[in-house]
Structure formats: C-alpha cells, structure tokens
Amino acid sequence: MPIEKLKTVDAFIVFDLADAPESAGIVRSARKILPGGASDLARSMTYAFATFEMRRSGASAGINAPDDDRADAVAKFAAEIAPMVATGRFLPEPGARVPRTALAPLAGSDPRAVIGETAEQATVAGVVAAAAQVSGGLDGRTAAIEGSGPMCDALATAVEDQGGTIADMSGPADVLFAGSKMGAIDHKSAQQLQVGTLVPYGPIPVTARALATLGRAGTTVVPDFIATAGSLFAWWPTGDLAPEAVTADAATGITASLEEIAGHPDGLFLAAARRAEAFIATWQDRLPFGRPLAP
C-alpha cells in the first residue's frame, strides 16, 4: 500500500491500489496520525468501490499538526494536493479535525459530480436503507445510536420518519447505528450489546473480535463498506443530479446490494467481502492484503 509524503507540510496520503485511475477518501488531522489507521480507512473505501463495480481505489490522508498550527497545516495540504484533485488521483473528504470548509478551495477542480451536502444526505439515506433492509423495515422498531453530532441527528430523524423510535444504548434495541470512530465497538463493548442488527454510519466501527462476538450472539452486522456507500451515488451518479434523485438512487442501490447477499450461510460481512474481492480481481493482478475491519 503506497504512502506518499507531502513536501510542504508534515502529512501523507495512503493509496490502497497504486495504479487506480482515481482514488478517494478521508483526510484527518491530529498531533500524530498513524499510517496504519489511514490504511484501514483506505481499504474500506476500496471495498465500497468494488461492491458497486467501480474501478477506483480507496485512499486516506493524515496531517500531523498541533491544534494551534492546524489551520495553517491544512491550508498547505490543500494547496499541495490541488493538482492531484484536478486529475482525480486523490479526492479528499473531510475527517477528524478537517472540516469541509477547509477543503473548499479544492471544490472547483474536483471532478466528482456532487460533493458536500447532497452527498452527505445520500450517505444518511444509504445507512437508513441498509437498516431497513436487514431488519425488515423500521416501522415499529427501536434504534439506538452510538455517538453524537449532525450525522446522528439526521439518522434519528430518518428513523422516526419511518415509524421507528430512538432507544437508549443501555437497553435492548432492534438496530444499533455505530460509527463515531474506528473500532468504536470492540469485543468488550460487543458483549454488552443487546441488538438485532448493527449498521455502521462511519468507516470500520467494528473490530474483528467484535464481529465474531456479535455473530455468536445472533446480531447481524452490516458491512460498513456497503452501509456508508451512499456518497458514491452522488459523486458518480448515473441519472438525475437533483438531491432527491441522488438520495433515492443511493437507498435503492444499497438495498439491492444487501438483498443480493441476504441469508448467505457465511454471514453478510464475508459474503460482501468476497463479492468485492471478486470484482477487484477483474482489474488488479493481486488482491490487497487484509479486509476492512478495525484491529
């Protein structure tokens, strides 16, 4: 997995598939961002692209900067990657401590059709569609949400709009939405959960051990690289660019993807991973090592 260091700022970009024509993924900043975490984020995006048969690669960037210097560091990062954005080599999405406003100077040269609010709405629509498909609809269901913020607020509203109710995480729930950070659900917290379906709203919130623990408990875990893929339908749409059309396409596409592997004897995650890998093998000489799960 190639790592490219920037010249004007202490930052790097991890490219999952080196020869992909386009790559996209999250940019994060902290005092010290580790390449390992960025590699995991890139892998999740690669599997999302492969799930929907897109010959693109995941990527992820880290900007190392203390709080006082972060604004300047992010600005230098954006300026240096501008040529990459124009060619599609790296298409950045906001992540921890890198708001979309900091990437705004790149928007004019970004070749994706729709970025920003509509893509974020498509992500919400896809997450909710995944929950509805796997749990048999949200009407009359209880849903708990791990984390807080605008995405969580949007999920709560969407669940209630479909007839569901929001429950506390301390009790049983039909659906748990998780995604506040990578590895938010580890094997210890998984042992305490009483949920029928876990649906990610952010990348790789479940560890490998947690996936096994939840499976033994009878909890269905939706692969994050399917549930969170709604933005792909905005970035490279196949039809109408109107927000309502984009969000509808995201919901329909993600529902169909999950229907295709529903009831697989090996579970959703392995079925989805193998399907993604089968597509990657059609245009890559070798598969990337490791599947998208938090360590």
message = I'd like to know if the side chain of Ser257 reaches the main chain of Gly253, judged simply by a donor and an acceptor atom lying under 3.5 Å from each other, with no hydrogens or angles considered.
response =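 Pair absent, no side-chain N/O of Ser257 close to backbone of Gly253.
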request  = Using atom types as modelled and distance alone, determine if a side-chain donor or acceptor of Thr219 lies under 3.5 Å from a backbone N or O of Val195.
outcome  =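 Yes: the side chain of Thr219 pairs with the backbone of Val195.
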Does any non-hydrogen side-chain atom of [Y] lie less than 4.5 Å from one of [X]?
X      : Y      : value
Val134 : Leu268 : yes
Arg112 : Glu22  : no
Thr165 : Arg141 : no
Pro111 : Leu91  : yes
Leu293 : Phe269 : yes
Ser170 : Asp168 : yes
Ile280 : Thr46  : yes
Pro94  : Pro99  : no

key: With sequence neighbours excluded, residues passing side chain to side chain donor-acceptor pair (under 3.5 Å) with Ser57   =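 Side chain to side chain donor-acceptor pair (under 3.5 Å) check on Ser57 returns nothing, list empty.
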key: Partner residues of Glu160 under the side chain to side chain donor-acceptor pair (under 3.5 Å) criterion, sequence neighbours left out   =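 Testing Glu160 for side chain to side chain donor-acceptor pair (under 3.5 Å), a comparison that skips the adjacent residues, returns none.
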Could you measure the distance from the [atom1] atom of [X] to the [atom2] atom of [Y]? Nearest 0.5 Å is fine.
X      : Y      : atom1 : atom2 : answer
Met45  : Ser60  : CE    : OG    : 9.0 Å
Arg97  : Ile33  : CZ    : CD1   : 7.0 Å
Phe12  : Glu4   : CZ    : CD    : 12.0 Å
Asp16  : Leu41  : CG    : CG    : 11.0 Å
Glu80  : Lys7   : CD    : NZ    : 7.5 Å
Thr238 : Asp249 : OG1   : CG    : 5.5 Å

So, for [X] and [Y], which heavy atoms are closest and what is the spacing to 0.1 Å?
X      : Y      : value
Pro223 : Pro200 : C-CG, 4.4 Å
Ala113 : Pro237 : CB-CD, 3.4 Å
Val74  : Ala102 : CG1-CB, 3.6 Å
Arg31  : Pro66  : NH2-CB, 3.5 Å
Ala42  : Val14  : CB-O, 4.3 Å
Leu270 : Arg291 : CD2-NH1, 3.2 Å

Less than 3.5 Å apart, which donor and acceptor atoms pair up between the side chains of residues 282-289 and the rest of the protein, not counting sequence neighbours?
{"unit_1": "Thr282", "atom_1": "OG1", "unit_2": "Phe279", "atom_2": "O", "d": "2.5"}
{"unit_1": "Gln284", "atom_1": "NE2", "unit_2": "Asp19", "atom_2": "OD1", "d": "2.9"}

request  = Among residues two or more places apart or on two chains, list those pairs meeting ring pair (Phe, Tyr, Trp, His ring centres under 6.0 Å) that have a residue in residues 21-52.
outcome  =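 Every pair satisfying ring pair (Phe, Tyr, Trp, His ring centres under 6.0 Å) with a residue in residues 21-52: Tyr47-Phe225, Phe49-Trp236, Phe52-Phe233.
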request  = Name all pairs fulfilling the ring pair (Phe, Tyr, Trp, His ring centres under 6.0 Å) condition that reach into residues 150-209, sequence neighbours left out, sorted by first residue then second.
outcome  =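 Pairs touching residues 150-209 that pass the test: none.
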ask   = Does a salt bridge link Glu146 with Lys181, judged by any charged N lying under 4.0 Å from a carboxylate O?
value =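 Salt bridge absent between Glu146 and Lys181.
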Test log, rule side-chain contact (heavy atoms from CB on, under 4.5 Å), inputs Leu193 and Leu214 = CA-CA 8 Å; Leu193 295 177; Leu214 291 166; 4.1 Å; yes
When clusters are formed by joining ILVMFWY residues with side-chain heavy atoms under 4.5 Å apart, either directly or through shared neighbours, do [X] and [Y] land in the same one?
X      : Y      : answer
Met84  : Leu17  : no
Ile26  : Ile115 : no
Phe15  : Phe77  : yes
Met182 : Val98  : no

request  = Any chance you could lay out the side-chain contact (heavy atoms from CB on, under 4.5 Å) test for Val246 and Asp240, step after step, and finish with the verdict?
outcome  = CA-CA 7 Å; Val246 169; Asp240 193 339; over 6 Å; no
ask   = When you check the side-chain N and O atoms of Arg70 and Ser29, is any donor under 3.5 Å from an acceptor?
value =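 Present: a donor and an acceptor within the cut-off.
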message = If we check side chain to side chain contact (heavy atoms under 4.5 Å, CB included) with Asp224, which of these qualifies: Leu198, Ile204, Val199?
response =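 Going through Leu198, Ile204, Val199 one by one, the side chain to side chain contact (heavy atoms under 4.5 Å, CB included) with Asp224 is satisfied by Ile204 alone.
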ask   = Other than Leu241, what residues sit in its cluster of Ile, Leu, Val, Met, Phe, Trp and Tyr side chains whose heavy atoms are under 4.5 Å apart, directly or through others?
value =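 ILVMFWY cluster around Leu241 also holds Val114.
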inquiry  = Checking one residue: Leu34. Which other hydrophobic residues are in its cluster under the side-chain 4.5 Å linking rule?
reply    =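 None; Leu34 is a cluster of one.
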inquiry  = According to salt bridge (Lys or Arg N to Asp or Glu O under 4.0 Å), does anything in residues 119-134 pair up with another residue at least two apart or in another chain? List the pairs.
reply    =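 Those involving residues 119-134 are Arg100-Glu120.
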query = According to the salt bridge (Lys or Arg N to Asp or Glu O under 4.0 Å) rule, which pairs have a member within residues 250-273, sequence neighbours left out?
reply =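 Passing the test, one end in residues 250-273: Glu260-Arg275, Asp266-Arg274.
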Using distance only, find each side-chain donor-acceptor pair of residues 151-158 under 3.5 Å and give its atom names and separation, not counting sequence neighbours.
{"unit_1": "Thr157", "atom_1": "OG1", "unit_2": "Asp153", "atom_2": "O", "d": "3.1"}

ask   = Glu93 and Arg28: salt bridge (Lys or Arg N to Asp or Glu O under 4.0 Å), yes or no, with the steps?
value = CA-CA 9 Å; Glu93 279 295 293; Arg28 298 174 298 149; over 6 Å; no
inquiry  = Test side-chain contact (heavy atoms from CB on, under 4.5 Å) on Met169 and Leu176; report intermediate values, then the result.
reply    = CA-CA 8 Å; Met169 276 195 63; Leu176 170 64; 4.1 Å; yes
Test log, rule side-chain contact (heavy atoms from CB on, under 4.5 Å), inputs Ile13 and Ile81 = CA-CA 10 Å; Ile13 304 171; Ile81 70 166; 4.0 Å; yes
inquiry  = With a sphere of 6.0 Å drawn around CZ of Arg55, does it hold more than 12 non-hydrogen atoms of other residues, nucleotides or ligands?
reply    =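 Yes, enclosed.
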key: Those residues that, when tested against Thr252, pass side-chain contact (heavy atoms from CB on, under 4.5 Å) (two or more places apart)   =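 For Thr252, no residue satisfies side-chain contact (heavy atoms from CB on, under 4.5 Å) once neighbours in sequence are set aside.
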Which pairs of donor and acceptor atoms, one on a side chain in residues 122-133, lie under 3.5 Å apart (sequence neighbours left out)?
{"unit_1": "Thr123", "atom_1": "OG1", "unit_2": "Ala119", "atom_2": "O", "d": "3.1"}

